[in-house]
Number of protein chains: 2
Amino acid sequence: MVKHSQATTIRDVARQARVSAATVSRYLNRSAPVAAETGQRIQQAMRELGYSPRLAARALATHKTYTVGVISNALNYAFFGPLLRGMDEVLREQEYRLLMATCIAGQDRGNLPFGPHNTDGVVVFANTVDDEQLIEWHAVGFPCVLLYRLPPGDLSFPCVNVENHAAVRQLTEHLIEAHGRRRIAFIHAPDYHQDDLQREAGYREALRRYGLPYDAALVLRGDYRREQASRAIEAFLARVLSDCDAVVAGDDDLALTVLGALYRAGVNVPEQVAVVGFDDQHFAASLVPPLTTVRAPTETVGRVAARQVLRLIRGEAVERETLLPTDLVLRRSCGCAGQSLRKGLSESYHPQMLVGR
Amino acid sequence: MVKHSQATTIRDVARQARVSAATVSRYLNRSAPVAAETGQRIQQAMRELGYSPRLAARALATHKTYTVGVISNALNYAFFGPLLRGMDEVLREQEYRLLMATCIAGQDRGNLPFGPHNTDGVVVFANTVDDEQLIEWHAVGFPCVLLYRLPPGDLSFPCVNVENHAAVRQLTEHLIEAHGRRRIAFIHAPDYHQDDLQREAGYREALRRYGLPYDAALVLRGDYRREQASRAIEAFLARVLSDCDAVVAGDDDLALTVLGALYRAGVNVPEQVAVVGFDDQHFAASLVPPLTTVRAPTETVGRVAARQVLRLIRGEAVERETLLPTDLVLRRSCGCAGQSLRKGLSESYHPQMLVGR
DNA sequence: TTGTAAGCGTTATCAT
DNA sequence: ATGATAACGCTTACAA
């Protein structure tokens, strides 16, 4: 027995329209034909009473929430903007909504923000949720899409990734080949995601192909928090600067920090040290010098992920892994001419002009 | 009559623990004392069955969703990261979750993503939701906090703002006074928020105080979409560059674009043209040259907003308007020395050294 | 085409 | 301290 200051319910509308609640429901959900004239009355009654259905009740009855959750460890990277936007757009079109929450892997054990009890499905960023939980979700068939990572074991979660290895390999090769760099440093992202490891692998592969030695001293491991990136990078550069002519940063945020540090150190980019990043975030083109980087279709990643959860939710077939292609965007910071160039990974090695910027 | 592949319910737990559902509920919510030993059995039963309460049912019974919605027109600015993060942190501590959705003012008339039917309260970004809707929410006492704007009419919605006018005034005065700039351009944000207007007012006030003429030709109105900022700004600068020695940008994103455009135009910053922004986004310090700007406590804005909705939800007293102070951050782009300086608005006009960066 | 009534999973009132 | 049971607002099978 619960008492509440009543908001208007479907019964109020029904009474006002002189029909049963069932009919109103049917009209609302188009779940069965309703006489045109009856529909008019219902329509009007709803307007008059300012009715809006209580989603909790609907969810309880139907076991559908029309809500998808996105779980990430942090949402303060600029990087998340396009990602969320992409997801939101697609979900919105389909009348779903996006619920987001952060979650520290390990820490929030068994107390995740989302699950079958409050969402129809989730999108999981990188290694935010631990394997044990994923396995459980898999067992109960809870719709779940993985972002920037592969499923643990042989679980059949669909996942969305971008091409990392080949992109960074080509970028590094470009530094070697086109700009004659030999002592190339690599800066890991603060967290060892699969992405990050693949990028380093691409970097190493490029060195190998050109017979350059891999020097651990030129690699900054990601043992720092994102907020401390500036200090960590500054210290790292102080060590290697005298013996280094290029820096491959794990992502644009890091490249930005590198640029700042080099500026303060009075080092010219790209003359003395070339700098490249990954992502092609919105600021990359406006940096001084404009940043050579890899264009990752982050918004598309979000869109694809959203589409996949929706398919999962509807019981439709999904692709197991979606690997989105990336492009090299050659700007000034690697040593290229001022004009922006763009190179598709799948294309032959002849850069084509990038229209506009 | 609905049939579903049953997930475990509170009754299953009750049966397993040989108690009634009511007792399990009481144990779960600490709403009444439960014998220690009974608690043990319930605890164990829940674990064994992997029980987690269905939130929709709970929401239906209690009329509480433990969810707060944030409505904005777009969430792809880097700017939103800290904002969301701040809100999320506070809500999370209080076991609430954050639901986010975009909404185009005017377009989504009467079909908002959030409302009393699915959330306990909302945070509204700038003018995303139209006054009519706000008035309705106000009438029914729906918890709602406004961000970066004042309430329409004399409505008593709490709102959270940052100090815009004085900050931009001082920043502009700094350009005039410390760096002798006379022909200062102003670039509006793509959407005329209250923030934006206050910033322009600050700019004009500074000119007035120093007897400089206001020249409409030096002001770029925000009649462009964010994605087209680059072109709009480039065109604008092409017009005014010959007669302009400083640019006050409406925010850091715009300042970034200005920097990029000036670089391409071969203009030296700050020697030929000084550039300043607003927000002190994470990239500002790393730009070349480092950006002089106004530090806006965006994450704090989020935190305060979240706290206010929670107070509203709990029926506690709230501040009508929270005006958060901003600080000038003097870096190189205005013409100051390389070392970063910071100036509190409330302090006297003697810049103090900024610890670290 | 419409109405009746059961049921969704939880909380809360009233007993005991 | 615990148990029965109504109620939350909606959907849907079944009947008419």
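Just so it is clear: chains get the letters A, B, ... in the order the sequence lines come, proteins before strands, and each one is counted from 1.
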Integer-rounded Å distance: D/dA1 P and B/Ile42 CD1: 13 Å

Nearest-angstrom distance from the residue atom OH of A/Tyr27 to P of D/dT12: 18 Å

SB check A/Asp12 A/Arg15 (cutoff 4.0 Å): yes

Flag, side chain of B/Thr65 to backbone of B/Asp120, donor-acceptor distance under 3.5 Å: yes

Separation of atom NZ in A/Lys64 from atom P in D/dT11, rounded to whole Å: 13 Å

Sub-4.0 Å heavy-atom contacts from residues 30-40 of chain B onto DNA chain C, ordered by number: none

Between C/dG7 (P) and B/Ile10 (CD1): distance, integer Å: 19 Å

Side-chain donor or acceptor of B/Arg26 paired with backbone N/O of B/Ser31 under 3.5 Å: no

Distance test, side-chain N/O of B/Thr9 to OP1/OP2 of C/dG9, below 4.0 Å: no

Could you list the donor-acceptor pairs under 3.5 angstrom formed by side chains in residues 138-151 of chain A, with sequence neighbours left out?
unit_1	atom_1	unit_2	atom_2	d
A/His138	NE2	A/Ser156	N	3.2
A/His138	NE2	A/Ser156	OG	3.0

Rounded distance in Å - CG (B/Asn118) to P (D/dG9): 15 Å

Ring geometry between A/Phe125 and A/Phe80 (parallel below 30°, tilted from 30 to 60°, perpendicular above 60°): tilted

A/Thr23: side-chain hydrogen bond (donor to acceptor under 3.5 Å, both in side chains) partners, not counting sequence neighbours: A/Ser20

B/Thr23 vs A/Ala22, nearer the 5' end of DNA chain D by closest nucleotide: B/Thr23

Close approaches to DNA chain D from residues 43-59 of chain A, in residue order (heavy atom, under 4.0 Å): A/Tyr51, A/Pro53, A/Arg54, A/Ala57, A/Arg58

Side-chain polar contacts of residues 47-60 of chain B - donor-acceptor pairs under 3.5 angstrom, sequence neighbours left out - could you list them?
unit_1	atom_1	unit_2	atom_2	d
B/Glu48	OE1	B/Gln16	NE2	2.4
B/Glu48	OE2	B/Gln44	NE2	2.8

Rounded distance (Å) that lies between atom P of D/dG9 and atom CG of A/Asp12: 9 Å

Atom-pair distance (NE2 on A/His117; C1' on C/dT10), nearest Å: 14 Å

Lys/Arg N to Asp/Glu carboxylate O, A/Arg314 vs A/Glu316, below 4.0 Å: no

Out of D/dG3, C/dC8, C/dT11, whichever nucleotide has its closest atom nearest the side chain of B/Ser25: C/dT11

Atom-pair distance (CZ on B/Arg26; P on C/dT10), nearest Å: 15 Å

Residues which pass ring-ring contact (aromatic ring centres under 6.0 Å, His included) with B/Tyr66, listed by chain and number, not counting sequence neighbours: B/Tyr96

Among C/dT10, C/dG9, C/dT11, the nucleotide that comes nearest once only the side chain of B/Arg11 is considered: C/dT10

